[in-house]
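In what follows, a single structure is set out as structure tokens and then discussed.
Indexing begins at 1, ligand by ligand and atom by atom, following the structure's order.
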Amino acid sequence: VVEEYSAIAQHYKLKETVGSGGFAKVKRAVHLPTGETVAIKIMDKVALGADLPRVKTEIEAMKNLHHQHICRLYQVVETPKKIFMVLEYCSGGELFDYIVQRDRLSESESRVFFRQIVSAVSYMHNLGYAHRDLKPENLLIDDDQKLKLIDFGLCAKPKGGVDGRLHTCCGSPAYAAPELVSGKSYIGSEADLWSMGVLLYALLNGFLPFDDDNIGLLYRKIKAGIYDTPDWLSADSLFLLKRLLQVDPKRRITVEQLRSHPWVVTEVEVPVESNTKYQMSVLDDDVITELSVHEKISRETMKEKVSKWKYDCLTAAYFLLLKKKTNGRPVRLKMTLQTPPVDVAPD
Ligand SMILES: Cn1cc(Br)cc1C(=O)Nc1[nH]nc2c1CN(C(=O)N[C@H](CN1CCCC1)c1ccccc1)C21CC1
């Protein structure tokens with residue numbers, strides 16, 4: 001098995017598998033130079049076949065998405081047979097399981113989570129990206145009980161900006177918007193808002209608004225837009241659900257309006273922040289110092305190398321040292337990043 005993972009064994013110690021599906025699996029791992037825990041998504045290029053472009057889509061999107069509620073990409077390693085994506089590790093698992101374990105969440109707990117989802121989605125939409133597969137399985141809970149959005153394989157950055165029309169019917173049926181299941185061309189951001197309505201309904205109720213084992217009946221229910229309203233739902237929750245689960249995409253609420261919707265601001269009184277807390281343009285001095293001292297390169301040269309954002313071991317070391325600093329842990333590298341020259345057997 002080791003030679004299969006030799007490409008990353010240099011800097012990572014692989015641990016248990018935390019998820020597997022289709023042509024990919026995710027393993028917990030330790031980044032040896034910093035000691036930080038990461039998740040490594042391992043994909044088999046041969047098995048992926050025609051789906052390989054989805055992986056490229058996900059990698060290119062994640063390189064441009066830097067937000068506190070979007071799972072971080074640290075490094076990409078590609079070999080002839082495999083692609084390894086080194087990503088942020090979330091020890092709380094999927095939001096899906098969290099809801100199932102509790103039957104359903106209270107209105108205020110739903111609101112805390114929903115605000116984080118609104119923050120991530122409005123950040124994406126502002127950059128011209130639509131996620132197109134929003135569901136509780138694609139939202140992970142990290143060590144601080146914060147949500148991180150994952151799985152950008154279906155995300156789209158239409159040519160005509162976020163309001164460009166899309167045609168690929170994709171995502172999970174139960175979360176798909178009426179205009180999408182009708183096979184019409186649709187606007188990704190509008191379809192995302194419908195999915196957020198299905199997500200909010202699942203948070204508040206513990207089951208789906210539109211569900212049927214028969215896909216034809218499921219599509220009919222989605223296009224009718226009729227769903228149960230259990231008596232534990234407050235009037236304000238129902239008003240918001242009505243604005244999100246609006247069959248006519250032109251009458252559906254936008255993420256901009258959603259940021260300051262009464263239900264969303266209840267108890268917190270401030271609109272959802274959509275800006276990212278990460279600034280990539282300003283490099284952190286302490287991290288640059290540690291990197292340049294440890295790698296015996298001048299600070300200036302180190303700044304130039306880091307600013308290339310190659311998503312190689314240097315990018316990973318930068319992000320993970322910064323994460324250590326943010327979490328109050330010492331900004332220290334334990335081993336060099338230089339790939340020691342492979343000792344050539346004496347001829
Ligand atoms: C389930 N779980 C329990 C614990 Br404790 C930690 C986890 C866990 O999954 N942690 C975790 N941290 N970071 C990640 C993960 C899982 N994970 C994922 O990317 N997980 C997705 C989950 N998708 C949801 C619907 C279909 C697949 C995945 C994608 C391909 C193959 C397997 C899993 C990342 C890498 C981003």
Task: side chain to side chain contact (heavy atoms under 4.5 Å, CB included) partners of Glu78, counting only residues at least two apart - done: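 Partners of Glu78 by the side chain to side chain contact (heavy atoms under 4.5 Å, CB included) criterion, ordered by chain and then number, come out as Lys45, Lys56, Ile83.
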TODO: Could you point out which residue of His131, His67, His69 forms a ring pair (Phe, Tyr, Trp, His ring centres under 6.0 Å) with Tyr123?
DONE: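 Of all the options given, the one that passes is His67.
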Task: All pairs passing ring pair (Phe, Tyr, Trp, His ring centres under 6.0 Å) where residues 170-199 contributes a residue, at least two apart - done: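 Listed by first then second residue: Trp194-Phe210.
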- [ ] Can you tell me which residue pairs pass the ring pair (Phe, Tyr, Trp, His ring centres under 6.0 Å) test with a partner in residues 29-51, sequence neighbours excluded?
- [x]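 Listed by first then second residue: Tyr12-His31.
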Open item on the list: For a quick test of reading the model, state the closest non-hydrogen atom pair linking Lys334 to His294 and the distance between them.
Closed with: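 Result for this residue pair: C-NE2, 4.4 Å.
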- [ ] Kindly indicate whether a cation-pi arrangement holds for Arg243 with Phe239, taking the cut-offs as under 6.0 Å to the six-membered ring centre and within 45° of the axis.
- [x]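 That pair does not qualify as a cation-pi contact.
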Could you list, one pair per line, each nitrogen or oxygen of ligand 1 together with any protein nitrogen or oxygen closer than 3.5 Å, giving atom names and the distance rounded to 0.1 Å?
unit_1   : atom_1 : unit_2 : atom_2 : d
ligand 1 : 10 (N) : Cys90  : O      : 3.0
ligand 1 : 12 (N) : Cys90  : N      : 2.9
ligand 1 : 13 (N) : Glu88  : O      : 2.9
ligand 1 : 23 (N) : Asp151 : OD2    : 2.8

